[in-house]
Amino acid sequence: MSDSFMHLVRPNVSAPAAGSANGPANIKIHAPALFQILEIIPKQALDSNKRIIGTLLGIRSEDGLEFEIRDAFMVPCDETGDSISIEDQTHKSLYQLYKKAHPKESVLGWFGSSDVLDGTTLLIHDFYSKGSDRAFPHPAIYLNVDYLTKNNEITAPKFNTYIGAAVGKGPSGVQVGWKAPNTTNSYIFTPIPNQVINSTVTEKISFNMLKNQSINKNAITLSSDMSYLSDQLDAVTANIDNLLQYIDANAGSSDKDLDLLRLLSNNLLSKPQILTDLDKLETHFRDHNQDVIMIEYLTKAVKEQIELSARLTASAEADKKY
Amino acid sequence: MSGPFPETNNKSLHQHHTNILSKYTPPTATTITVQSSVLLSIIRHTSENYPSLFSGSLLGFEDDEGSIDITHAYPFPYPDQYEGGSFKSRSGAKYQQEILDSLSSLGYGVEFQGWFQSTISGNFVTSQLVDGLVQQQLTNKNAFIIVHNMSSIGKEVDLRALRLSESFITTYLDGKWKSRDLENHKLSYLNIFDDIPINIRNQNLVNLYLANVENQPRSENEFDTLNLSSNQNVTAQLLESLYSQVDSYNYDQNNFNYYQRQHQKEQSKITQWKQQRKLENLERAKRGEKELDTEEWKSIFRLPNEPSRYNNMLHSHAIDVLADDILKKCDEELTKSFAIERKLTANAN
């Protein structure tokens with residue numbers, strides 16, 4: 001991300017803009033959650049007057065500076081003029097169902113897609129900042145998906161994330177609903193950086209598969225025999241080519257890559273003792289290969305025994321006279 | 001977790017179902033289309049929680065082109081003790097219904113289509129999973145299950161969409177499981193399941209995002225497949241699963257062998273009896289007496305009943321899948337081993 005961020009002291013709900021010495025905040029968006037958001041947001045285009053929003057779920061670090069958005073769901077809302085009504089009950093029941101399967105996760109905030117921060121943004125943010133089953137007592141985060149140009153053309157989606165904390169004196173009196181603007185707080189939206197992550201290697205492999213096959217294809221077939229071996233080998237070869245190219249182009253001319261060259265030559269020259277004793281090495285490999293072949297042999301024997309037994313039983317039973 | 005499934009009375013279980021549901025309709029949807037977010041959600045959940053096994057509901061709708069579109073996946077709240085454990089549990093069904101109710105209020109119009117289940121290789125073939133799936137397929141002809149084989153975790157993604165075959169379900173509905181029934185229904189342990197192709201669909205905005213995202217540098221652990229010893233633990237685990245499946249198989253086979261011996265014994269008694277009666281009748285004919293009934297043995301001898309082949313079928317299938325996975329791992333390992341050996345010894349010369 002090319003944008004630069006100014007890290008302000010993090011405000012929180014109970015003590016707005018309090019002077020606690022907190023470091024920079026960061027948001028990690030898990031790829032599955034990101035995809036879910038991207039699948040929900042286009043519903044907005046179907047009906048230009050309708051705002052599409054949803055709840056962000058995940059984990060907040062103990063100091064409240066690291067966020068992990070792990071899941072998301074849509075919450076229906078109705079915008080009329082200056083006010084908006086959010087289907088509280090849907091949010092609540094979907095959250096509680098999610099909570100059952102993910103007890104350690106909670107509501108982090110909300111997402112939507114809008115080119116401006118306006119009064120409605122404030123109202124929605126107020127909804128997510130107050131009450132039970134929402135981000136309270138922590139400040140809610142807001143994720144905005146930016147996928148339209150000024151001329152309403154669709155472009156590659158960008159994600160902007162903010163922490164919105166209440167500032168100023170809160171409203172007095174009893175809150176009757178978020179529809180009435182005089183009961184809402186004022187919020188300061190602090191942009192915070194985000195990054196997209198994959199939680200496991202397996203997930204990353206599938207993410208890369210989706211990425212590599214996505215161009216100009218509507219459907220990707222999941223073949224049953226997905227051997228990544230050749231793909232992985234290609235990647236390694238490409239890495240080595242890259243490195244060689246870099247060394248050819250740069251390393252001869254200056255000393256600034258000396259450390260890199262040292263690291264490489266150390267890695268290449270130092271090898272374990274076993275690699276120098278060729279006979280022993282070959283014996284090791286032979287033993288190992290024989291072990292593997294033995295496993296293969298026995299496994300095949302089991303497989304064939306099972307088949308044989310099934311056939312013998314079938315024919316023995318078919319031959320029975322009584 | 002990966003052990004053999006309990007041998008307890010699943011016979012009574014499936015006979016019980018037969019009484020409730022007895023109509024089988026062949027499926028009409030021939031492919032499964034999964035939204036990419038759902039694919040990633042399933043994989044995230046199953047691989048984050050590995051080695052615990054997890055399952056969940058797959059929700060979506062049937063499109064006009066004979067495909068099932070899966071738009072949502074919800075894992076069940078608790079891990080499974082064994083594969084299929086949540087499919088027939090009351091709490092699982094309740095959770096599934098609550099999710100459906102909440103989503104229908106969102107106007108998604110989604111319905112329950114199937115399950116996903118994480119497993120190790122052939123261990124997914126449990127009677128619980130099969131019972132649950134039969135019940136679903138009888139209620140909804142297009143019901144299916146996505147099985148995530150975790151034996152390649154961190155190396156590749158091994159997902160299969162499966163349905164029980166027509167042969168299997170019709171045999172199941174007969175409920176007798178004698179060799180003759182298998183023969184009549186053309187059922188063997190190799191055709192219990194039908195594979196259904198899975199398509200992954202990226203929505204346009206997802207595609208646009210993916211096309212613009214920069215290539216992230218690959219980390220070292222993504223290249224684990226290239227490591228010579230990377231299959232060591234997995235192969236050991238697969239072999240252990242194979243042993244325990246073979247043990248269960250043998251337990252069942254012993255019963256069957258006992259039956260065959262008993263049957264043989266009775267059979268030779270019958271042959272003896274028949275011979276004797278034949279001689280007796282010859283004597284009687286000579287004396288001009290009335291011949292005795294030659295079919296009387298039927299009321300004298302009782303042949304043992306062939307025990308159900310049901311468990312044998314399931315264990316055999318599990319063993320077959322496990323063996324294939326082990327062979328695949330071994331092949332990979334040998335390929336790597338030979339390549340690395342050649343490289344190392346060539347360098348040293």
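Chain naming here is simple, since letters A, B, ... match the order of the sequence lines and numbering starts at 1 in each. We use all heavy atoms of the structure for the numbers below, so side chains are in, but hydrogens, waters and symmetry mates are not. Since this is a predicted model, take the numbers as computed values, not measurements.
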### Message
Test side chain to side chain contact (heavy atoms under 4.5 Å, CB included) on A/Glu296 and B/Glu333; report intermediate values, then the result.
### Response
CA-CA 11 Å; A/Glu296 278 203 322; B/Glu333 182 134 348; over 6 Å; no
### Message
Run A/Glu307 and B/Ser188 through side chain to side chain contact (heavy atoms under 4.5 Å, CB included) and show every step you take.
### Response
CA-CA 10 Å; A/Glu307 190 173 350; B/Ser188 89; over 6 Å; no
### Task
Take B/Glu48 and A/Ser199, measure what side-chain hydrogen bond (donor to acceptor under 3.5 Å, both in side chains) needs, and give me the verdict at the end.
CA-CA 7 Å; B/Glu48 269 185 357; A/Ser199 64; 2.9 Å; yes
### Query
After noting the C-alpha distance and the side-chain angles of B/Glu341 and A/His288, does the key distance pass the side-chain hydrogen bond (donor to acceptor under 3.5 Å, both in side chains) rule?
CA-CA 11 Å; B/Glu341 184 192 356; A/His288 174 75; over 6 Å; no
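Only the side chain of B/Phe256 comes within less than 4.5 Å of a heavy atom of chain A; its backbone N, CA, C and O stay farther away. Neither the backbone nor the side chain of B/His72 has a heavy atom closer than 4.5 Å to any heavy atom of chain A. For A/Ala316, the part lying under 4.5 angstrom from a heavy atom of chain B is the side chain only. Residue A/Val196 touches chain B through both its backbone and its side chain, counting heavy-atom pairs closer than 4.5 Å. Proximity to chain A involves both the backbone and the side chain of B/Asp331, based on heavy atoms less than 4.5 angstrom apart. With a threshold of 4.5 angstrom between heavy atoms, B/Ile153 approaches chain A through its backbone and through its side chain. Heavy atoms closer than 4.5 Å to chain A are found in the side chain of B/Gln253, but not in its backbone. B/Tyr189 touches chain A through its side chain: at least one heavy atom from C-beta onward sits under 4.5 Å away, while N, CA, C and O do not. At a 4.5 Å heavy-atom cutoff, A/Ile37 makes no contact with chain B through either its backbone or its side chain. Within the 4.5 angstrom heavy-atom criterion, only side-chain atoms of B/Leu228, from C-beta onward, approach chain A. Looking at A/His284, neither its backbone nor its side chain comes within 4.5 Å of chain B, counting heavy atoms on both sides. When heavy atoms are compared at a cutoff of 4.5 Å, B/Leu182 does not approach chain A at all. Residue contact with chain A, scored on non-hydrogen atoms closer than 4.5 Å, is absent for B/Phe301. Of the atoms belonging to B/Leu327, heavy atoms from both backbone and side chain fall under 4.5 Å from chain A.
Atom NZ of A/Lys303 and atom CG of B/Leu322 lie 11.0 Å apart (nearest 0.5 Å). Of the inter-residue distances, the one linking B/Ser36 atom OG with A/Met209 atom CE reads 9.0 Å to the nearest 0.5 angstrom. Atom OG of B/Ser47 is separated from atom CD of A/Glu203 by 6.5 Å, given to the nearest 0.5 angstrom. The CZ atom of A/Arg286 sits 12.0 Å away from the OG atom of B/Ser337 when rounded to the nearest 0.5 Å. Put simply, CG on B/Leu40 and CG on A/Asn198 are 7.5 Å apart, with the number rounded to the nearest 0.5 Å. With values rounded to the nearest 0.5 angstrom, B/His317 atom NE2 is found 12.5 Å from A/Ile306 atom CD1.
Using a distance-only test at 3.5 Å, with no hydrogens or angles considered, a donor-acceptor pair links the side chain of B/Tyr95 to the main chain of A/Leu97.
The greatest number of non-hydrogen atom pairs below 4.5 Å with chain B, out of A/Ile293, A/Thr155, A/Leu298, is found for A/Thr155. Of the listed residues (A/Val201, A/Ile295, A/Thr202), the greatest number of heavy-atom pairs within a distance under 4.5 Å of chain B belongs to A/Thr202.
Of all heavy-atom pairs between A/Glu39 and B/Val206, the closest is CG-CG2, 4.2 Å. Taking both residues in full, the closest heavy atoms of A/Leu38 and B/Gln203 are given as O-OE1, 4.5 Å, listed atom of the first, atom of the second, then distance. Here the closest non-hydrogen pair linking B/Leu210 and A/Lys211 is O-NZ, 3.3 Å. Minimum interatomic distance between B/Lys155 and A/Ile205 (heavy atoms only, all atoms of both residues): O-CD1, 3.3 Å. Nearest heavy atoms, A/Pro157 versus B/Leu205: CG-O, 3.9 Å. Listed here is the closest heavy atom pair of A/Glu317 and B/Arg180: O-NH2, 3.2 Å.
For B/Tyr74 and A/Phe73, the distance between ring centers is not under 6.0 angstrom.
For A/Ser309 and B/Tyr249, the side-chain atoms include at least one donor-acceptor pair closer than 3.5 Å.
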